[in-house]
Peer 1: 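Before we start, here is the structure in question, set down as structure tokens.
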Number of protein chains: 2
Amino acid sequence: MSTAPSESRAESRPYHHGDLSRALVDAARKILETDGPAALSLRAVAREAGVSPAAPYHHFKDKAELLEAVAHEGWHELDEALAKARASADGDHGRMSDLGVAYVCFARDNPALYRVMYDRSRDKDALPDQMKEGGAYCQVRDTLAEHADNGVAEIDLELATIAAWCAGHGLAEMIGFKQFAALKTQLGGEEAFLRAVFEHLGMFAKFARD
Amino acid sequence: MSTAPSESRAESRPYHHGDLSRALVDAARKILETDGPAALSLRAVAREAGVSPAAPYHHFKDKAELLEAVAHEGWHELDEALAKARASADGDHGRMSDLGVAYVCFARDNPALYRVMYDRSRDKDALPDQMKEGGAYCQVRDTLAEHADNGVAEIDLELATIAAWCAGHGLAEMIGFKQFAALKTQLGGEEAFLRAVFEHLGMFAKFARD
DNA sequence: AAGATTATCTTGACGGCGTTCAGATTGGTG
DNA sequence: CACCAATCTGAACGCCGTCAAGATAATCTT
């Protein structure tokens, strides 16, 4: 009576609610953006989606599985951000540092989402599955390969990709630290700071090689 | 009566329990090692220490403050590990990679503790205070300075230290990932893998510089 | 030495959490 | 239309962080 169930809801609308899984993921992301990871309880997500606390259990085995879905979306969007950065690189054939900057900026702009993404990875002791297809990891490797066009050993490419990924992730987690504020302004902004750090990785690598 | 309060307990033994703050931190670390970060509840810590759930509140303002104390200890031990690695470097005057390996190995051997350490840092958006005195951060910077003995700009040293720290942290968080297992055995062990990744940072840095 | 003071710890309670289960409701199928 | 399976609700369990009130014990004052 009072509730009109014939709301034109996208396409599938499989049952009562109309794609509740989708709504739950959206609600989770909204809470993440608004109130941060600490406020992301399963009950709060259900509340935000307008269902009872037990409803999510018909779509996700537990809280971890919902977060997994959120993280999956995050990785997908990171892939897109990197692809865009690679396509519109301001250099000749896609500067490596543009990828790094895009990666860190994604983490800076979506801190809570990025945290969920990595927390899930750590709990599984594994990189996300996407990386084995055409995901972010492969994009980094391919860009590295483009630069070193005159033949690089497979293993060197793999190790360099891992190295780049570690540097990017490390910087992504620390970009917001207060201690770097002075250095950022001194270098003329956050992006300049990022590029500078990436470029100074070589100094460490050189000394690590003795 | 039944409880003998005159147990010779170290030195201070200020009140009823005898340095409960200390016992709480120890209990927290024991739980961390045994059952991981997910099991680290304030009530469990109190249980482990043999006191009521409310007792910790007379020594720590809340759970976060207890974790802060645990993290503080962790940073201190990391400092010591790095200092030891720096002192007993197998190279001429302290190889840079020995520091990196020591850092990552500390994280690998104390995964739960390392996670608490960094989670606390992220919540404060700041590196731990120790780093400003003679802590791990300064050790990395000093070692870098030793290698580049013929005068390096202050800012380059700072940026290289940050770069090294990011790489170390990134690798520390990923060292356990399953995807790297094959590569590790192929390179002859985990330590060789670590050194190889560190050395390949230069490849990324070179391309980042264009 | 005795009383007052202060720090420490316990008990009990509150609301929120993740999760489960029995039962109500509803969409799809024969 | 009757049935079935999928979906959702309501209530409950045990755990959590935290707080307030009271008991207990060490320290301080005199």
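Letters go in sequence order (proteins before strands), and every chain restarts at 1. Quantities reported herein were computed from a predicted structural model and do not represent experimental measurements.
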Peer 1: Are any side-chain N or O atoms of Q139(B) and backbone N or O atoms of D79(B), one a donor and one an acceptor, separated by less than 3.5 Å?
Peer 2: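 Yes.
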Peer 1: Measure CG/L24(B) against P/dT8(C) and give the value in whole Å, please.
Peer 2: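 Roughly 12 Å, once rounded to whole Å.
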Peer 1: Could you tell me how the ring of F204(A) sits relative to the ring of F198(B): parallel (under 30°), tilted (30 to 60°) or perpendicular (over 60°)?
Peer 2: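 Geometry flag for F198(B) against F204(A): perpendicular rings.
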Peer 1: In chain order, what residues pass the side-chain hydrogen bond (donor to acceptor under 3.5 Å, both in side chains) check against E48(B), with sequence neighbours excluded?
Peer 2: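 Listed in chain order: K30(B).
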Peer 1: Determine, for nucleotides 9-19 of chain D in 5'-to-3' order, which nucleotides have protein heavy atoms under 4.0 Å from the base (write B), from only the sugar-phosphate (write S), or from neither (write -).
Peer 2: BB-B---BBBB
Peer 1: From CZ of F60(A) over to C1' of dT20(C), roughly how many Å is that when rounded to an integer?
Peer 2: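 Interatomic distance, CZ of F60(A) to C1' of dT20(C): 19 Å.
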Peer 1: If we check ring-ring contact (aromatic ring centres under 6.0 Å, His included) with W75(A), which of these qualifies: Y118(A), Y103(A), Y114(A)?
Peer 2: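 Exactly one pass, corresponding to Y118(A).
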Peer 1: Look at the side chain of K184(B) and the backbone N and O of I175(B), then say whether any donor-acceptor pair between them is shorter than 3.5 Å.
Peer 2: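 Yes, the answer is positive, given that a donor and an acceptor are paired below the 3.5 Å cut-off.
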Peer 1: Does dA6(D) have OP1 or OP2 under 4.0 Å away from a side-chain N or O of H59(A)?
Peer 2: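 Answer is no, no contact under 4.0 Å.
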Peer 1: Tell me, yes or no, whether the heavy-atom count around H59(A) atom NE2, taken from other residues, nucleotides or ligands under 6.0 Å, exceeds 12.
Peer 2: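 Atom NE2 in H59(A) is crowded, with more than 12 foreign heavy atoms closer than 6.0 Å.
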Peer 1: Rounding to an integer number of Å, can you tell me how far L67(A) CG sits from dC17(C) P?
Peer 2: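 The distance from CG of L67(A) to P of dC17(C) comes to 14 Å, rounded to the nearest Å.
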